[in-house]
Chemist: 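I have a structure I would like to understand better, so I am pasting it below and will then ask my questions one at a time.
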Amino acid sequence: MMRHGLSRPSFLLALLAGTSLMSVGPAQAAPSVERGEYLARAADCEACHTVPGGVPFAGGRAFPVPGMGVIYAPNITPDPDHGIGKWTDDEFVRSVREGVSPGWKHLYPAMPYPAYARMSVDEVKDIRAWLATVPPSANTPSPNHLKFPFSIRAMMVGWNLLNGPASSYPDDPQKSAEWNRGRYLVEGPGHCADCHSPRTLTYGLSADRAFAGTVVNGLRAYNISPDKSSGIGGWSDEALAQYLSTGHADGHGTASADMAEVISFSLHYLTPADIHAMVVYLHDLKPQSSDDAASPPRKPAAGDDTLPQATKGARLFASTCAGCHLPDGSGRQSPFANIIGSRTLSADGGRNLVRIIMNGSTLTTASGNQIMPGFAGGNLSQRDLNDIAAFVMTHFTEATPSEDKLNAAAKGP
Amino acid sequence: MTRAEKNLHTGRRGILLGGGGLLLATLWPAASSRAATGMLVEDAPAPFAPNTYIRITPDNRITLILPNIEMGQGIYTSSVMLIAEELGVDLAQVEMEAAPPGSAEITGGSMSIMTEWMPLRQAGAAARTVLVQAAATRWGVGPESCAVGSGIITHAPSGRTLTFGDVAVDASKLPLPKEPPLKAATDYRLIGKPQHRLDSAVKVEGAAVFGIDVRVPGQKIGTVAACPVVGGTLRGLNRDAAMAVRGVVAVLVTDAKDAVCVVGEHYWAARKGLQALRVEWNVGPNGDVNTRTIYDQLHEGLKGPAIVPSPKGDAESAIAKSHASYSAIYQQPLLAHAPMEPINCTAHVRPDGCDVWTGTQVADRARDTASEITGLPKEKITLHSQYIGGGFGRRLEHEYVTQCLHFAKQVNYPLKIVWSREEDITRDRYRPAYVDEVTAGLNEKGRVTAIKHRVVGPAVVARWDPPELTKEGYDEDLSVATLVTPYSYDAYRLEFARREAPGVITAWWRGVGGTRGLFVVEGFIDELAERAGVDKVAYRRELAKANPRAVAVLDQVAKDAGWDTPVPNGRARGVALQFAFGSYMASIAEIEMPAPDTVLIHRVTAVVDCGQVVNPDQVISQIEGGLIFGFSAALYNEITLENGRVQESNFNTWRVMRMNEAPRRIDVRLMDSREDPGGIGEVGTAAAAPVLANAMAAAQGHRYRTLPLLSPRNLEKEAVR
Amino acid sequence: MQTLRVNGQTHTVDVDPDTPLLWVLRDIIGLDGTKFGCGIAQCGVCTVHLDGRPVRACALQVSQIGDGAITTIEGLDDADPIVHAVKKAWIDLDVVQCGYCQPGQVMAAVGLLKTVKNPTDDQIDSAMSGNMCRCGTYMRIRKAIHLAAGEAV
Ligand code: FES
Ligand code: FES
């Protein structure tokens, strides 16, 4: 999701991604630009290092960190003065894998370097090689605004001791090559856990509750463990693969907001084999139950072109939503507007639902952008938007919406 | 419907015959034809005098050339009715065309029928007179022995007949009568009887050609981004990225560097190109304008010097001496027009001439501008007026024609620019924001002894038509509903403190001054009635007693709406009375508010006295539509700015009333009247906010003095309260 | 290259796959009865039928149409009793004002009557509220749909 007002996860950032390499091969003689591009996609570099709608990789995107301040993504184009043109390869590798950039500046963990450390040195050099080919930009992002004591980068030394960089680790011989590849993509460049795992008290990723879902920047990053009711246990391999590669799977709705961004900038570039590997790995995770499960769907009569008009939410749905989603939710213009079965319709008390109605969502697919406009900030009141959400929850699912919950979700982090 | 019927009713332009025949007042050789349907007027020769309304050719083709632009108000139909009534033809016999520029026509301010009531009928009567004279001469009989009907002249005693076409050439050689005799109202066959719209079929079929539908061979389509902050200029753009988009053919920048246009083979290419262009702007001096600063400036204008046009008595001392005084402050927002058809214009600039195709309410101005920009003499400019997909005052501005020409002069093909809806809403010229304070002096019964009313806001006319601003700097449009009301006061003082918001260009909007003024005045009168504990209809009747037409519509609406009957459970009623645009109207809304942010409008009853009605059903249609247009604004609409940029952008953030929010019932009664016709296009809109606000006040027990009534900001404030 | 079936004719057009049908109809094929109003599926003036159901052409990318049959206002079959009844009702009741939204309204109304023979007010509101009319012709549209429903049977 690229839009002002909705910044990405604080210092927890981004979700998934993956790589194309058929194998994590031994060191290569010269960096491969091609492999570097694929890895840069898998690692979703562009989404964070680009202002929505701005020059790719020129930095400046703001990440508000609740209680800490605002971090601005740096310019990573090859511009020598404003970008990373002057960095050596080793400096680049160090900042990606260890979170230390030239001049001994510790990168705040908005940069998921603990996950990136699972990429090999050569792989990171490939990314560097590709980044050297993107157009340079003289953009100078604003300096970070952080409150004391977070403004002291040296603090990160201590953080790193507790939660610090992992490193690439060997394949598990008990598991299939696919599983190992999936683990690499999910845990490494894809850094899925950065959003989908809860954080510990020191903001490290929880190992116990890995992938059980959490709230990031006001949005629920869903439970993606294979728990049957609250996770992805009920999804078929095909559906999950389709969702990851296109952003939509019938019966599960369409990725939106931050996840739409991950699909747009990262996952939709991955090969089917890599997507499959991720599916294998995700389905083999330890199931975690969580309390954000979606409510059972309710089936409005398919093909019924009319809706009850008794409530304001219903009337607003008919006028502003049904044009795309249709009264029965089956989608009018495109499969992407089919919302039937989407967790967002009810999960976590409608948290994501109300925020997507407010801010909209953009998903880039192979054939172009799928856009849902946002409805906040204009002539519709927050109550109006909450009423739409409440109608959606009760019309399409058996959820019982609560006004407080919707209001809290609307207020954001 | 048969093909033939369709053609008759569509105003479909036929092939015009050159020379010969009767063309009233001026001979106007017609030119090329156009295959598509529409309201094209081509190649008007230079000496074209106003008052040219009728052309009859020897093949008995009768064409009426209409001075106003059809933008939904049904003016084509009523203009044709006026001419046809006196000419003696049936509606089905005539074709219609839009007059080219040159007759200083402006369609706006609900003026059309008011100003053309006489001349159009006179034109019809004059033509009939010479046609009859020509026939009579041919037969060697007296003209008084001839009768006219359905385009045929009959000599009753001998039973001989001639068609208009038969005598058109003869008639064109006769001098026109100075004062042709007009029919008595009792003889009207068309006027006052409901006639179907002549443009219905073509619009239902999707065959009407609006400006946006113009297709000229070789044309390319561009879409535009102007600086989002007024007064800013271009800083940078990525031309290569735009040119790399498939189908993009050019990137154009205005000389003033205030707008860019990406041209493509089709709109989507242009639009993608514009996105790829990643335009950056220097915001200029207005980069810190925001809604708060605009309102602060207006509220500050409640104090200090002001212009006082035509005071009556000494209101200030009357208020000071009165038993009690009461005052209230009202506030209204900036409004966009958002007509359904997005802004567009097509222009082909050549060394030897220039064609412009667009929908405009100000054809002359558009033509003159084209002449200035291209450096071509006015006769070399041909303006092809198109059907307008909603005017509402937006097309009284023609800056989009100007903009189009700045781009079109840079290329050698016909260029059509089409604004995105986002561009339309963020770069509109807005109905101004206003703050008003009204103070009444009251006697012991709570009746008004004097009123002082201060209006703070811009003078739209100062930019739009500077000579119209009075010497003192007063914009007379502000008099509607303030100085000019159905009420009489012993002393009255209107004050105008002019404040022009920086960074915002303000303009006319449907209902103009009347819409602005009525919300304040009718809300305030309602407050006074409430304060006095007097029935709101009765309170108004007393104030309006010197004005029988006003009292009549008020009493009638009270009867029609059942004002004196108990309000159904959970509902509330509000009333408003008005005299604006030459017409009287009283209205009553019956609403229900299940929650403070939900208004269900069950029924609106309106009684209108707009003088002699030309086409009654179309008057009713205008009232219905005008009310709904006004309800959208009253309930929802507000343009807000942050850092000089408009925040609303498309229909996701600019809310338009939908069918499921519109009243289920609107009952309009037209009073039988022989007075000269008043305007009607804006009457309903002007009533919308006050009648609704008054009903909401009754429902909620507190006053609504700020528009929009359901503004998210106000609702929040209310929740706090 | 995208191949489309519009009003019974096949058109092959050379546009990006994300091009909305609306612009192919208006600017390439030359069917401009289908209007542009918002481009974000909020106003309904671009309504056409895809396999008989009303859709918003501004949000329908050509690559997603496949071999679906598109009908525009120009392609409505006047011999169809519903189409005939709708158009006639519109003219009899003088629904139109500026007329810009009306092709979309007619398409939506025909689509409604194809699935709901005799709609209630609520059903009409529900099906038609995605179609804006700035001129405010809603009451007449509602009336005209009732009238057409009565005549089409
Ligand atoms: S243009 Fe398609 S819905 Fe508005
Ligand atoms: S008739 Fe003008 S927008 Fe509907």
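Note on naming: letters A, B, ... go to the chains in the order of the sequence lines (proteins, then strands), and numbering restarts at 1 for each one. Keep in mind that this is a model prediction, so the values were computed, not measured.
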Chemist: What are the two closest non-hydrogen atoms of B:Arg278 and A:Pro56, and how far apart are they?
Modeler: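 So the two residues come closest at NH1-CD, 3.8 Å.
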Chemist: For B:Asp597 and A:Ser381, work out which heavy atoms get closest and say how close.
Modeler: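 Here B:Asp597 and A:Ser381 meet closest at OD2-OG, 4.4 Å.
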Chemist: Pick one of side chain, backbone, both or neither for B:Glu661, based on which atoms fall under 4.5 Å of a heavy atom in chain A.
Modeler: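 B:Glu661 touches chain A through side-chain heavy atoms alone.
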Chemist: Check whether any side-chain heavy atom of B:Arg658 sits under 4.5 Å from a side-chain heavy atom of A:Thr320, and report yes or no.
Modeler: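 Counting from C-beta outward, B:Arg658 and A:Thr320 do come under 4.5 Å.
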Chemist: Under 4.5 Å from any heavy atom of chain A, what part of B:Ala241 do you find: side chain, backbone, both or neither?
Modeler: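 It is neither, since no heavy atom gets under 4.5 Å.
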Chemist: If we check side-chain contact (heavy atoms from CB on, under 4.5 Å) with A:Lys312, which of these qualifies: B:Asn660, B:Leu600, B:Thr598?
Modeler: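 Answer to the side-chain contact (heavy atoms from CB on, under 4.5 Å) test with A:Lys312 among B:Asn660, B:Leu600, B:Thr598: B:Thr598.
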Chemist: Could you tell me the separation between the CD atom of B:Gln647 and the CG atom of A:Asn379, rounded to the nearest 0.5 Å?
Modeler: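 Answer for the CD-CG pair, B:Gln647 versus A:Asn379, is 12.0 Å.
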Chemist: Which value, rounded to the nearest 0.5 Å, describes the distance between A:Ile357 atom CD1 and B:Asn652 atom CG?
Modeler: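 These two atoms lie 13.0 Å from each other.
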Chemist: Are any of the side-chain heavy atoms of B:Arg655 and A:Leu316 separated by less than 4.5 Å?
Modeler: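 A side-chain contact under 4.5 Å exists here.
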Chemist: Around B:Gln700, counting heavy atoms of other residues, nucleotides and ligands shown, do more than 12 lie under 6.0 Å from its CD?
Modeler: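 It does: B:Gln700 CD has more than 12 such atoms within range.
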